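Computed from a predicted model, the values in this text were never measured in an experiment. Sequential numbering from 1 along the given sequence is applied to the chain's residues. Values below: all heavy atoms of this structure, side chains included; hydrogens, waters and symmetry mates excluded.
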Amino acid sequence: MKSFPLYALALLGLAHFPAHADGAADDLPQIGNIHDALTIARPDTIPEGSWFTSAELGAINTSGNTTGTSISGKLDARHETADWSNEYILAGFFKEDEITDDDGERYRTRSAQRWAASAKAAYKLMKEGSRAFVLGSHVNDRFGAYTRYTSFAVGHGSQLFNTENKALDVEIGPGYFTGERESGERESGMTVRGAARFRWQVSPSAAFVQTVSVERGTSNVHSIAESALSTKINDTMQMKAAFSARNDSNVPEDKKNLDTQTSLTLVYSF
């Protein structure tokens, strides 16, 4: 008998702060910029001093010849003022598999566990779409090339073009990273970080977002890319299909350079 997924669902969670834009969530947002969250659901404008929050969660459970559970989730909060656009992201993914040993005993084992948190403060410059930013991020990946990876970066971001349904934003700047391997070996050094975000509003109810970030250091090139397609369900919910890839050029012999993840989640915005 073939194994099959029992469910893939996603829901909600996180108290939100009041916003005062009438009808802000009636349609998909207009084209944003790279300093906005990677979450697709976003109102046209966020009133000064207000918060916008979204949450996404996906789960898959299998039983039969193959038994396991995987869960991915993300919380995204943005605070907007006259001069600053601040963003805070918390994401996690874990997977458990049930296996049978040589004695016929069945037990569960964790095969994936990753937590990531980041905070960005972007100062709005006089030119439209131009901002100076400070970014800090940390990843704890139990089975990754780096079990811990922390980076800081400062730089400048600008919008290269913005049409009725497409936009491209880029940013670049120096940074610093520190990483720890499973063996306990530690690495650190200066980096140059570049990032790009392309958004295409395919239709009034669908949007495509492609993001890429690359940190180049003296001993490693760390890159992250995500392709996401979102379709609107109602005023507060979207269905999101995404493919993400994380790559490190310098990894131990028993590790692979590339980690990928394909997900189907519901995004709840409030």
Check: [X]/[Y] side-chain N/O donor and acceptor closer than 3.5 Å:
X    : Y    : value
S219 : N250 : no
S227 : Q210 : yes
S118 : H138 : no

Holding to salt bridge (Lys or Arg N to Asp or Glu O under 4.0 Å), I want the full list of residues that pass it with E182, two or more places apart in sequence or in another chain.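 For E182, the residues satisfying salt bridge (Lys or Arg N to Asp or Glu O under 4.0 Å) (neighbours in sequence not counted) are K255.
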
Steps toward side-chain hydrogen bond (donor to acceptor under 3.5 Å, both in side chains) verdict (S85, E80): CA-CA 5 Å; S85 180; E80 192 80 10; 3.2 Å; yes

Heavy-atom count check: over 12 atoms from other residues, nucleotides or ligands less than 6.0 Å from R181 CZ?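 Enclosed.
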
Is it the case that over 12 heavy atoms from other parts of the model lie below 6.0 angstrom from the CZ atom of R186?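 12 or below, so no.
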
Closest approach of [X] to [Y] (non-hydrogen atoms, all atoms of both residues):
X    : Y    : value
A145 : V251 : CB-CG1, 3.5 Å
A122 : N86  : N-OD1, 4.3 Å
T265 : S72  : CG2-OG, 4.1 Å
D97  : S111 : OD2-OG, 2.9 Å
G136 : F152 : CA-CD2, 4.0 Å
F52  : S269 : CZ-CB, 3.8 Å

Got [X] and [Y] here, is their nearest side-chain heavy-atom distance under 4.5 Å?
X    : Y    : answer
R110 : F94  : yes
H156 : S130 : yes
Q159 : K127 : no
R108 : I99  : no
Y268 : L266 : no
E96  : S70  : no
R131 : Y123 : no
E56  : K240 : yes

I'd like to know if [X] pairs up with [Y] as an ion pair, taking the criterion as any Lys NZ or Arg NE/NH1/NH2 lying under 4.0 Å from an Asp or Glu carboxylate oxygen.
X    : Y    : value
R197 : E226 : no
D248 : R246 : no
R78  : E87  : no
E171 : R193 : yes

Same hydrophobic cluster for [X] and [Y], using side-chain heavy-atom links shorter than 4.5 Å among ILVMFWY?
X    : Y    : value
F161 : L125 : no
I224 : V212 : no
V202 : L168 : yes
W200 : L160 : yes
F243 : F93  : no

Quick check against the 3.5 Å criterion: does [X] have a side-chain atom that pairs as donor or acceptor with the backbone of [Y]?
X    : Y    : result
N140 : W115 : no
K256 : N247 : no
S249 : V221 : yes

To the nearest 0.5 Å, what is the distance between [atom1] on [X] and [atom2] on [Y]?
X    : Y    : atom1 : atom2 : value
T109 : K95  : OG1   : NZ    : 10.0 Å
E180 : D141 : CD    : CG    : 12.5 Å
N165 : R199 : CG    : CZ    : 10.0 Å
S205 : N234 : OG    : CG    : 12.5 Å

Should T191 and E215 be marked as a side-chain hydrogen bond (donor to acceptor under 3.5 Å, both in side chains) after you check the CA-CA gap, both sets of side-chain angles, and the distance that decides it? CA-CA 6 Å; T191 62; E215 294 180 3; 4.8 Å; no

Whether F177 and Y146 hold their rings parallel, tilted or perpendicular, with breakpoints at 30° and 60°: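 F177 and Y146: perpendicular rings.
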
Ring pair (Phe, Tyr, Trp, His ring centres under 6.0 Å) assessment of H222 paired with Y149: CA-CA 10 Å; H222 179 72; Y149 190 95; 4.3 Å; yes

Run the side-chain hydrogen bond (donor to acceptor under 3.5 Å, both in side chains) test on S137 and S151 for me, step by step, so that the C-alpha distance in whole Å, both residues' side-chain angles and the decisive distance to 0.1 Å come before the verdict. CA-CA 5 Å; S137 65; S151 64; 2.9 Å; yes

Contacts of F198 that satisfy ring-ring contact (aromatic ring centres under 6.0 Å, His included) - sequence neighbours left out: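 Testing F198 for ring-ring contact (aromatic ring centres under 6.0 Å, His included), a comparison that skips the adjacent residues, returns none.
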
